[in-house]
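None of these values were measured; they are calculated from a predicted model. By convention here, the first residue in the shown sequence is residue 1. Both ligands and their constituent atoms are indexed starting at 1 by order of listing. Note that these values count all heavy atoms, side chains included, but never hydrogens, waters or copies made by symmetry.
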Amino acid sequence: MKSRRFFLQKAGLSALALNLTPFNPISAMTQDIFNTKQDEKPLRVAIMGLGSYGTRVANAMKDCKRAKLVGVISGTPSKIEAWQKEYGIPAKNCYNYETYHQIKDNPDIDAVYVITPNGLHMEHAMGVAKAGKHVICEKPMAINAAEGKKMVDACKAAGVQLLVGYRMHFEAKTQEVIKMRMNGDFGKVLFFQGLSGFVIGDPTQWRLNYPRSGGGAMMDIGIYSINGSRYMIGEEPIWVTAQETKNNPEKFKEGIDETIQFQLGFPGGAVASCLSTYSMNGLDKFFLNGLKGFAEMQPSTGYGPIEGKTHKGPLTNPHVTHQTTQMDEMAAIILDGKKPLVPVDGEEGLKDLVIIDAIYKAVKTGEKVSLV
Ligand code: NAD
């Protein structure tokens, strides 16, 4: 990112020469240039998978300052046409699943955001990497750690970045709690509770179809409690125990978990106790307890506004559409090498997949599974 100094040099001005009063025309002109951010190259993004979340991201990107939606990849021509109209996407930036490899010859696209069903993330992300474009991939990054590792390796080999759509890592109230924990405001943290769930509808949807989903509630919503326990406690778990309850085996077939309770043990002595479910509504709560204080967030990972308080009072940071902040921050990570407060790279996505694999193993064996 070019700096303010760059602008002052370009304008033949120095900071000392400027009279920074509200009515100074030179100051106003310079400020205007800063606001339009004409010096900052945008991250030009194509979205792959024009479904419900892809649409949410596209709408949120209308307010982005650094990220710009410029292309689409879809198997449905009518959706492509509608998106071209809605988002002003040129025909030369439109692809389907047979042609998207040609994106390598398109200099006007920097990154592809993969927002397809979980079971297709690896194939799609690796295809994008092979085409030499940066990959942003929705959560879960893949359906198991072995797939996730292949994605990380493929992106490294292709020299492209791999980021995972962990929008909460950029959310202001979440960041406030993380900073308080880093500051020692909670004292020694010994307990985290994460509750993540909703009642899933249509039994024919891909989320309940193992090859497409890779699992049930854990893959879809339980991952928020896994990821949240890690960024809230600030450590990596060393063991897992887990128990499954299945009340509706007709709807939740083999490989599709309905409800799993799981516990994660952390090296500093903290324990996370979490619930992941497709059968209870409105479960979206985080609770962090330390020897000197607490944080409580409910809702904690929904689209917001996030609500919460700590022992010091309510969390008051303003709400911004999560995906708008996420995409601008990801542009800065990819284009400027910015380091986020909590990582969002492929290694971060892989850590959650290793834990998910261990949770499924713990459910199957009934045993405590070591992560070290
Ligand atoms: P969706 O069903 O609404 O959209 C999926 C899209 O993928 C559709 O446009 C569909 O046509 C396309 N697709 C391409 N190939 C397909 C195939 N072979 N089978 C089925 N669909 C195919 O799903 P969604 O809710 O948009 O979820 C997509 C991804 O986004 C998932 O990985 C999900 O976990 C993730 N997601 C993330 C968040 C978040 O807050 N970060 C929220 C919702 C969904």
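Every atom of ligand 1 with a heavy atom of H121 under 4.0 Å away is listed here by number and element: 32 (O). Numbered from 1 in the order shown, with element, the atoms of ligand 1 that lie under 4.0 Å from a heavy atom of Y97 read 14 (C). Those atoms of ligand 1 that come under 4.0 Å of a heavy atom in R167, given as number and element, are 39 (C), 40 (O), 41 (N). Below 4.0 Å from some heavy atom of L120 lie the following atoms of ligand 1, by number and element: 15 (N), 16 (C), 17 (C), 18 (N). Near R212, meaning under 4.0 Å from one of its heavy atoms, ligand 1 places the atoms 17 (C), 18 (N), 19 (N).
Y95 and H101 have their aromatic ring centers separated by at least 6.0 angstrom. Ring centroids of Y278 and F198 are separated by less than 6.0 Å, placing the two rings close together.
Side chain of T76 to backbone of S78: no donor-acceptor contact under 3.5 angstrom is found. Side chain of K133 to main chain of N106: a donor-acceptor pair is present (N/O by atom type, distance under 3.5 Å, no hydrogens or angles). Using modelled atom types, no side-chain atom of N183 and backbone atom of D185 make a donor-acceptor pair closer than 3.5 Å.
Considering backbone and side-chain N/O atoms, K139 comes within less than 3.5 Å of an N/O atom of ligand 1. Between G49 and ligand 1, no N or O atom pair is found at a separation short of 3.5 Å. The N/O atoms of Q323, backbone and side chain alike, include none that comes under 3.5 Å of an N/O atom in ligand 1.
Under the 3.5 Å distance criterion, with hydrogens and angles disregarded, a donor-acceptor pair is assigned to the side chains of S300 and D284. For the residue pair S196 / S225, a side-chain donor-acceptor distance below 3.5 Å is found, with atom types taken as modelled. Looking only at atom types and distance, the side chain of D108 has no donor-acceptor partner in the side chain of N93 under 3.5 Å away.
For M219, the heavy-atom gap to ligand 1 stays at 4.0 angstrom or more. Within the structure, the closest approach of R56 to ligand 1 does not fall below 4.0 Å when heavy atoms are considered. Contact between Y303 and ligand 1 is present, with at least one heavy atom of the residue lying under 4.0 Å from the ligand.
Considering only heavy atoms from C-beta on, I334 stays 4.5 Å or farther from D110 through its side chain.
Note: D257 CG to M218 CE = 5.5 Å, rounded to the nearest 0.5 Å.
Nearest non-hydrogen protein atom to atom 11 (O) of ligand 1 is K79 NZ, 3.5 Å. With respect to atom 31 (C) of ligand 1, the closest heavy atom belonging to the protein is N118 OD1, 3.4 Å. Protein heavy atom at the shortest distance from atom 30 (O) of ligand 1 is E138 CG, 3.4 Å. Nearest protein heavy-atom neighbour of atom 3 (O) of ligand 1: S52 N, 2.8 Å. When only non-hydrogen protein atoms are considered, atom 4 (O) of ligand 1 lies nearest to G51 CA, 3.3 Å. Looking only at protein heavy atoms, the nearest one to atom 29 (C) of ligand 1 is T116 O, 3.4 Å.
The heavy atom nearest to atom 25 (O) of ligand 1, out of those in Q205, R207, Q326, E123, is found in R207. Atom 1 (P) of ligand 1 has its nearest heavy-atom neighbour, among Y224, W206, Y53, in W206. The option from P117, G165, G119 that lies nearest to atom 21 (N) of ligand 1, judged by heavy atoms, is P117.
Taking the charged nitrogens against the carboxylate oxygens, R230 and E348 do have a contact shorter than 4.0 Å, which makes a salt bridge. Looking at D153 and K149, a side-chain N of the basic residue comes within less than 4.0 Å of a carboxylate O on the acidic one, giving a salt bridge. A salt bridge does not link K139 with D352: none of the charged nitrogens is closer than 4.0 Å to a carboxylate oxygen.
Counting heavy atoms closer than 4.0 Å to ligand 1, residue I115 contributes atoms from both its backbone and its side chain.
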